[in-house]
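A short worksheet on the structure shown next.
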Protein chains: 4
Amino acid sequence: MLNKVTLIGRLGADPEVRYMPSGDAITTIRLATSRRWKDRNSGERKEETEWHRVVFFAGLAKVAGEYLKKGSQVYVEGRIRTNKWQGQDGQDRYTTEIIADEMHMLDSRSGGTANYADNAPPLSTYDNHGAGSSSASSAASSSASAPAAFDDFDDDIPF
Amino acid sequence: MLNKVTLIGRLGADPEVRYMPSGDAITTIRLATSRRWKDRNSGERKEETEWHRVVFFAGLAKVAGEYLKKGSQVYVEGRIRTNKWQGQDGQDRYTTEIIADEMHMLDSRSGGTANYADNAPPLSTYDNHGAGSSSASSAASSSASAPAAFDDFDDDIPF
Amino acid sequence: MLNKVTLIGRLGADPEVRYMPSGDAITTIRLATSRRWKDRNSGERKEETEWHRVVFFAGLAKVAGEYLKKGSQVYVEGRIRTNKWQGQDGQDRYTTEIIADEMHMLDSRSGGTANYADNAPPLSTYDNHGAGSSSASSAASSSASAPAAFDDFDDDIPF
Amino acid sequence: MLNKVTLIGRLGADPEVRYMPSGDAITTIRLATSRRWKDRNSGERKEETEWHRVVFFAGLAKVAGEYLKKGSQVYVEGRIRTNKWQGQDGQDRYTTEIIADEMHMLDSRSGGTANYADNAPPLSTYDNHGAGSSSASSAASSSASAPAAFDDFDDDIPF
DNA sequence: TTTT
DNA sequence: TTTT
């Protein structure tokens, strides 16, 4: 079965980074996508903004936490997950989020936040495909300098 | 900005069809997508099922309501929309759904529910791209026989 | 059946715009996507650039021809089409191209070519879904000023 | 940059499987996707079939070679690659293919070819994300029995 | 609640 | 031929 989401939008705030006991990072962002259309009857232009909670794990979480900022434009690919939890009143609540497995920063060169380009890695795509928790741990414990981000590059089939 | 979802899954129940005052249909389905993986540490196979609420409007709603059944396998493309509403306790609640704009029945000929193939249209893709509410209304008021479904075919660029 | 391509890349040259007898524009771009990975055996970083021929029709062709430039970063969605033709030697040749039905300029505000932002429309998505040649013609004959680009906005379902 | 293709279609012939000196399989299929639309001017229904050459490597190649048959319906995700080669006349030729990194068999239960269901694995998604050539080799040398196919399941992040 |  |  397929459960795939692709988003291009901007962060409404800086990323939030938390850490697991294992040392793995978990980064969460709020991403806005807006849709514009012209009402066929009234002819009015309309706009609607949708906010998405996007969660990154392991190596992706590190890169997202380090390089994304409020206002950054980003491409995200992942899957929908809805979590069930209980409110204080004992009632079921649901929260839907996007579990990201691919991320691509779209603010080229001077783009985005002022000092963004200072430590940005070359524009490229990061992903989590096939990453297990063990290798993720080792990635998470590697150096936080910019080149370390490249540890997450996809080892691909060399044909 | 981009907000796109693609799902391939099976219906957990027959579609629910409601009608607007204008006569337009609104069809809702519950779609299951499951994900299987092997835990890298324990080696165990795991499986997780995600349930999606998918909503179809206008011409798509008609086709979905007519041809999809509990257990049908379907491809859906659309966008994420989260609705905010108030519970009886006055607290904010959120419901996330997929607003479909393309649908593709995957139960081929002999496939799916027993008597499914009897009145199924040729395997094809239906979509709502660019459909305004007025044209949608006229589609909704057209005959309910199988060929009518074709009214929703995308008029495409003839090059 | 589904035949969908999504690309994010940069133009290798300015767009080429041609016109049909009907007045409709046809715009073609060459789009580079590059893939980077680290070879698992040698540990070397590798990079491979793929060039795509992307074709826009009707209203999309106008917007693409007007606002895209060499070096622009763009999101394109469309379908694969392979054309068969005959070389001078009488042998069959094949050319594969992407017929775009959605386009999204990713060079934000300050981004892209120097004077790009001067006449750029608000960042948004253009599409051709469901556009027939007749409506396309009328779009093509509308004024070429920036606001005209909005004529191509998707009329969407107002629920 | 992003270069992504998603196809749902049917095989025009049985898969072709070749083997690398390393023992890795390479499987190629011809996949048809068809598009139907109604001409807005003439009102005629039209149909166009596009044929795609899809190539699978490593573990995916094994599964594709074993379980797909002429007529099978399949979901494929991958990237576009155009190869340049020289005809006998010394002229450059180009061949475009889809390098698959995910595959999903859509013929449920009784679907597709007669004896398909006999040895089919549970309906699921196979992928090559992040597979390097070394791990691919070991997968290729594992047993060819049905359960072996599960070796290719995505080890995913266990949150 | 589907399906394999 | 783009870009980092």
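Every chain is numbered from 1 and lettered A, B, ... according to where its sequence line falls, protein lines coming before strand lines.
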- Taking it one step at a time, do I98(B) and I80(B) satisfy side-chain contact (heavy atoms from CB on, under 4.5 Å)? CA-CA 5 Å; I98(B) 310 306; I80(B) 298 178; 4.2 Å; yes
- Criterion side-chain contact (heavy atoms from CB on, under 4.5 Å) on R45(B) and R36(B), from CA distance to verdict: CA-CA 7 Å; R45(B) 279 177 206 162; R36(B) 299 187 185 93; over 6 Å; no
- Message: One pair to check against side-chain contact (heavy atoms from CB on, under 4.5 Å): K69(B) and L11(B). What are the steps and the verdict?
- Response: CA-CA 7 Å; K69(B) 297 279 170 272; L11(B) 279 76; over 6 Å; no
- Task: Please lay out, stage by stage, how E77(C) and D101(C) fare under the test side-chain contact (heavy atoms from CB on, under 4.5 Å).
- Result: CA-CA 6 Å; E77(C) 190 175 319; D101(C) 54 33; 4.2 Å; yes
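In this structure, the NE2 atom of H104(A) is 10 Å from the C1' atom of dT4(F), given to the nearest Å. Computed from coordinates, the D107(C) CG to dT3(F) P distance equals 10 Å when rounded to whole Å. Spacing between atom CD of E50(B) and atom P of dT2(E) amounts to 16 Å, rounded to whole angstrom units. For the pair L106(D) CG and dT3(E) C1', the computed distance is 13 Å after rounding to whole Å. In this entry the distance linking CG of D14(B) with P of dT2(E) reads 12 Å, nearest Å.
Of the candidate nucleotides dT3(E), dT2(F), dT1(F), dT2(F) has the atom nearest to the side chain of R10(C). Comparing dT2(E), dT1(F), dT3(F) by their closest approach to the side chain of W51(B) singles out dT2(E).
Judged by atom type and distance alone, R36(C) reaches the base of dT4(F) through a side-chain donor-acceptor pair under 3.5 Å. Judged by distance alone, with hydrogens and angles left aside, T49(B) brings no side-chain donor or acceptor close enough to the base of dT1(E) to form a pair under 3.5 Å.
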